[in-house]
Amino acid sequence: MTNADQIRNWLGIFFLGTTAVLGTYIILFQQTSLLPISSEDATSSFKIIIPTFIAQLTIVFKWIANPPKNSMAEIRMPKWAVMGPPIIVVGILIVTLAYIIVDQGRSNGGEIFKNVVTFCVSLLSATSIFIVTAVFSLPAD
Amino acid sequence: MNTLRYGLSNFLLTLIACGLAHVNTAAADDLPEAGFRSMLVDQVTSQFKNSVSEDQPGRTYDSLGDFKAGAACLRWGGTVREPYFMYSYWYYWDYKSPEAAAKAALDRCEQERNESERATRSKCNCELVLEGSEKKVSPPRKPIPELISDLDKQEPRPKMLCSAWIKDNKISIPPFGKDLTCPGYYDNEVLRYDFLLERLDDIANTDAPEIYPSAPSLRGPREYRGKDRAPQLYSASELRFSPPTNIPVKYATPYTLPEGWGYEYKLHQIPTQFSAQFLDRLNTINESKLFGRFPARQLLDDRTGAISPELYFAKYVRSYDLEANADVLRDLNTRGAAFPEYTAAVAQGEHSVRLWVVATIPIEKNWIPLGAPLRTVEPLALQTNKALYIFSTDVTSFFRYRGSAGGNALSEYQSAFDVSGCSDQKGCVEKTMSTFKNELIRKFGEPPTSANLSKLPSPPNQFRLQRLYEKSNVLDGFRGPWYEITTYTISMWGGSQWDGVRQEVADTEQKPDATKIFVYVDLGLQIGIGQQGKYPEPSADQYQMYNKVVGNKVQEAVNSTTALLGGTVIGGVGIIAKTNSSESNK
């Protein structure tokens, strides 16, 4: 069992950090050796991943802006279900980026990145989104 | 006493290159000038006698009588292609003596000349051609050395293959970039030559039965229109050098080329020490069985849309005795191959002896011949009384559009070279353009362009360099890595003034008054971030970077070409004052 605030902090930091880093990385380093994909592929990837992350951030910060008085309730969720999907997604993205950087455009990196991003968003949509919704929508008492 | 006149026929003696059939008398004469003079005498008398035979069906000049003579009104020393022109000819026979017949012929000629000169302003002089059987015509001494010299320039003698290019008695040209130095050959032209003799591997592996058709006759069959159901021959045609491209009409073969393209042949002399081995090879494959069966596809019938069954053709090697058929050479369409009789080599008494060809015949699929051999043959080799030559094949277009390759950026370089200071401008233009082409290939092969020469056939003086699916060095930097599909189609031509690039010009066009050499580069550029991904149209700044590099490369090539030819670069233009004559064929 995990403390609710711990979960919220962890998820909030994850979504904030991931959205900021990934968005900035795609914007800054597209068409370079750090992200050797075309601007079209970069824009597509950005459009796939960022709205999902921004939506989660909106939920998180809406809750933070108006927190309930008693938010320390214990939540009955296994730890792996809360932390697993974000860690896996970050891992997949790091491996993919490493592969694309090493490959330096010899393979179709843009297509690979788009597919991986789509997969990650799907993974998060099937997992973490429900947890975020549950954790950040407790009624204020 | 008999006379016959042939007045003002404007009988054009054919081009010297096409009409030198009887040259054997020149063989004994080692002096070029004397040999050439002897050849001209033979030519005039031969044409004169042929004309008499045409006037007197069933008779010849020699059979006319004992006391005879002929005169003609001749103009000498025009051009190499027309060293003389015969305006009219006259001959008399059965006179009291040859001298009397000669005087009568000359007098009659003079009389007609004076009348015709007033009427046509023609300029010719009456000369005695024959007195009895004695040749009397006398070509003027002065123009002949110039004619030989000009003939060497206009119809260069075949070049000799380098010994290093022959391995195991086979011609083996090294790839570009290796040592291609061979006197007379340009690196970039020799790579395009295809030697048919080295591509007859299937001649030994044929499963054809023992059928040995004869070669197509050197002389075309005369057209014959029989009565009613009598057999008829289709219209006669000259024998010409070509692969079986589209015969009969409306059939396409694997050799059919796109509209406007054609085959071209060149002769190459085999080094003397290899002649015997190559002759052995030729004699081994001569009189071969049928081989190389291939189908011909009929194009859609305009009227019915019907498609008939496939036709098949097969090939076979045969040879012709040209000594016994020397007179037919002028009717042979050799597609660019200059026989010794067509060049100044004739002045040394060189003449053709034997010609090996690959002939083609229509067959059923089981190799049974269905008709006469085609009137097109692919030449293999030529033996003369002095050397052995091998034919090469090249594909060339008859026309090209300057700058219509579809490149998406164009760089024009007006007047890359100025050769107005050269005494031999034609040779100077050729040498400069060839050197420039080599330098362009070399410079564009170096980074950052790192482009290779495309092996696809292209029109003369136009070639393509390309870098396909490789990392772009030009755009190397923080952005990227960029991959490129880049083609540089480079054209150059000689002229006296800039006449633009967007116009159709004949490939054969080489203006004699060319004092400048122009060049342009058509740049086809596609840039992708991934090697296997999309290659969209590049951005404006990418175009700009490439254009800058192309400009630098062309200028570097101009500079190095000018340095190689001993000229100076002024304002980016290479000023070429002269190219050594010894270099002009390198």
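The chains referred to below are lettered A, B, ... by the order of the sequence lines, with proteins before strands, and numbering in each begins at 1. If you're wondering where the values come from, they're calculated on a predicted model, not measured in any experiment.
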TODO: Residue by residue, scan residues 35-53 of chain A and write down, ordered by number, those that have a heavy-atom distance under 4.5 Å to chain B; if none do, write 'none'.
DONE: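 Near chain B, by residue number: A/Pro36, A/Ile37, A/Ser38.
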
- [ ] Identify the residues of residues 20-28 of chain A whose heavy atoms come closer than 4.5 Å to a heavy atom of chain B, ordered by number, or report 'none'.
- [x]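 Listed by number, the contacting residues are A/Leu28.
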
Task: Top of B/Pro481, B/Gly528, B/Gly477 for chain A proximity - count of heavy-atom pairs under 4.5 angstrom - done: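 Among the listed options, the one with the most contacts to chain A is B/Pro481.
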
- [ ] Taking atom CD of B/Glu446 as the centre, report whether more than 12 heavy atoms of other residues, nucleotides or ligands fall under 6.0 Å from it.
- [x] yes

- [ ] Examine whether an atom of A/Glu111 lies under 4.5 Å from a heavy atom of chain B, and if so say whether it belongs to the side chain, the backbone or both; otherwise answer neither.
- [x]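 The answer is neither part of A/Glu111.
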
Task: Contact summary for A/Gln104 and B/Tyr483, nearest pair of heavy atoms - done: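 Looks like O-OH, 2.8 Å.
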
